[in-house]
Protein chains: 2
Amino acid sequence: MSQEPSWDLYRTFNAVLSEGSLSGAARALGLTQPSIARHIDALEEAVGAPLFLRTSRGLSPTDAALELRPFAELMASTSAALLRTAEGRSGEVDGTVRISASEVVGIIHLPAILTRLRQRYPRLTIELSLSNAVDDLLKRQADIAIRMVRPEQQTLIAKRVGSFPVGLHAHRDYLARRGTPKSMDDLKHHDIIGYDAETPAIRAFAERHPGLDRASFALRVDSNIAHLTAIRAGFGIGICQTIIADAEPDLQRVLPDAFHEDLETWVVMHEDLSGNTRCRAVFDALVTELTALVRR
Amino acid sequence: MSQEPSWDLYRTFNAVLSEGSLSGAARALGLTQPSIARHIDALEEAVGAPLFLRTSRGLSPTDAALELRPFAELMASTSAALLRTAEGRSGEVDGTVRISASEVVGIIHLPAILTRLRQRYPRLTIELSLSNAVDDLLKRQADIAIRMVRPEQQTLIAKRVGSFPVGLHAHRDYLARRGTPKSMDDLKHHDIIGYDAETPAIRAFAERHPGLDRASFALRVDSNIAHLTAIRAGFGIGICQTIIADAEPDLQRVLPDAFHEDLETWVVMHEDLSGNTRCRAVFDALVTELTALVRR
DNA sequence: CCTGGCTCATATATTTTCGTATAGCATATG
DNA sequence: CATATGCTATACGAAAATATATGAGCCAGG
């Protein structure tokens, strides 16, 4: 290769991959189709391999393209993170902070916290990315993450905020209808709301609680929010945070002694952002608020 | 911001940061100084903050520039990794693989292994990055890493190759001159070669071996290679891998029962590269060779 | 004190890249 | 079977980015 290709080619490459056509990529990037075509031609020339099969209804990526995709995506998220960091460097807390959290934390706990945060910093914008992926920070897909596992990466700044207790819960209507189990064995005769996927975390959980295995579930769903909604609807007995259930009179704890878990919770930030006023303010606020929430 | 800036601006930004001047960056990138100046102007416009203080003998970065630097560097290493991956996709093992390893592994153990590897794959090029940083893979600064800590990141593929035993060693001349210690207590009267920095790993080590603390060191140096060289020169008693010392008749083990450690060793690769013929071949070869070396 | 070598800034010419317009092709729809 | 609507490919003029050339400031060395 004579000269390193323009980094803009990678951006175009990303757009073509996600849009599936030159014209679509052109629309997404605000360019025109011939320009996109030239970019892809240039990139194929630079990497020395065809990246797409041209058909009359779009482009389909080759194996080579799929192999390069993660790199191009990392460049895209890094560029976005750079621009976020650069935003609003006025010494005040403004600009955008992107927070990654689990669905439950993002939907149940964060709204009130973010409301206070926004009132305190009226020029602050929050982006919320709700998923259980844990490597967002290193892929620069978020500035701050709230996690249920201890972060091991040395380049991350982490602060423990305590543990969210979780337990078995059911709606009072369900318990009135089906009775309240007195032991873990009784659960065999109940409708249990459980998980669908088999992640390492879930496998470890299943080993700790032999009664609650996949075969015994009457409803299998991965979304913890759907879990909670099913409990509220009186479908059966499921797991949710006690903090959530305590706030809803219709939800009752089941077998509090036989079943309890604690979700260690951490607020995590990349050390590159430790000097950033905005991220620091949000990080500190999240630590304070979540710590208070857990201790309540 | 009206439109996302060209990603090429980040490349220019990197070059100006590392070269310290517009002209230097122009030389490094094969462009001209006015172009570099326009790039920096455009980037400052895009991020809305001055990035450099212009002086007549170069540019000095502002705090804003230093804050953005890690992102731009990540983009650069990602781009380089992408091009490495794209290289030589012929199904054969050719192209470039970048390996990150500790100084000792890279200088003592790898040369012979890499020689055999190169003979087996004559078109394979190896880049060797020797440092003790452990996050090279996630920053895309290497394709494969050899590490002494268990990798925790889920996106990494790791294979354990066994443990390198380490022990106290000294040159026979030194021992003839000063005598051979019979117990850990005897070390007080000897010249000990130790570490300078205070990393978490070293702190943990010091706790396991109370006799070997910083105060007792006659020579403090961080480089493990300098460590080894000092032992060879007969300076005193120091720590090195037994595999290395066993191969040199002049080096003798000291207190083999009272002091021994095992360095668990892993070969690690990012899962994005698992389908890459070249990386896979090098990964497998490193695992095989290092396993054989440890078992010997 | 002046010269050479370094820097950045600016004006102008040239090259490159981009957008517009159009043609060709495949597929879906009436 | 004709038509509409996607898509890619190509030709050409316009716009943007580039290189060249030059000026001015700073600093070290003779």
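Chain A is the first sequence line, chain B the second, and so forth, proteins listed ahead of strands; every chain is numbered from 1.
Side-chain atoms of A:R278 come within 3.5 Å of backbone atoms of A:T96 as a donor-acceptor pair (strictly under, hydrogens ignored). Side-chain atoms of A:R140 never come within 3.5 Å of backbone atoms of A:A80 as a donor-acceptor pair (strictly under, hydrogens ignored).
The listed nucleotides are D:dC7, C:dT20, C:dA9; the one nearest the side chain of A:R27 is D:dC7. Set against C:dA21, D:dA21, D:dT18, the side chain of B:L31 has D:dT18 as its closest nucleotide. Comparing C:dC8, C:dG19, D:dT18 by their nearest atom to the side chain of B:R54 picks out C:dC8. For A:L59, the side-chain atoms get nearest to D:dT8 when compared with the rest of C:dC18, D:dT18, D:dT8. Among the nucleotides C:dT10, D:dT18, C:dA21, the one closest to any side-chain atom of B:P34 is C:dT10.
Residues A:I146 and A:L110 meet the side-chain proximity criterion, which asks for heavy atoms closer than 4.5 Å.
Distances shorter than 4.0 Å separate some side-chain N or O of A:S35 from OP1 or OP2 on C:dG19. Close to C:dC6, at under 4.0 Å from its OP1 or OP2, lies no side-chain N or O of B:R57. Distances shorter than 4.0 Å separate none of the side-chain N or O atoms of A:H39 from OP1 or OP2 on C:dT17. For the OP1/OP2 pair of D:dT18 and a distance below 4.0 Å, the side-chain nitrogens and oxygens of B:T32 include no atom meeting the criterion.
Between B:I36 atom CD1 and C:dT10 atom C1' the separation is 17 Å, expressed in whole Å. Rounded to an integer number of Å, the gap from CG of B:D8 to C1' of C:dT17 is 12 Å. Whole-Å rounding puts the A:D41 CG to C:dC18 P distance at 12 Å. Distance, A:L22 CG to C:dC18 C1': 15 Å, rounded to whole Å. Between the CG atom of A:L53 and the P atom of C:dA26 there is a distance of 16 Å, rounded to whole Å. Separating the CG atom of B:L9 from the P atom of D:dA17 is a distance of 10 Å, rounded to the nearest angstrom. In this structure, the CD atom of A:Q33 is 10 Å from the C1' atom of D:dT10, given to the nearest Å. If you measure from atom CG of B:L29 to atom P of D:dA17, you get 17 Å, rounded to the nearest angstrom.
The residue from B:D143, B:V105, B:V282 that alone fulfils the side-chain contact (heavy atoms from CB on, under 4.5 Å) condition with B:I99 is B:V282.
The neighbour count for A:D284 CG, taken as heavy atoms of other residues, nucleotides or ligands under 6.0 Å away, is above 12.
Remark: the A:R38 side chain and the C:dG19 base include a donor-acceptor N/O pair separated by less than 3.5 Å.
Residue B:S21 is in sugar-phosphate contact alone, with no base atom involved, counting any heavy-atom pair closer than 4.0 Å across all strands shown.
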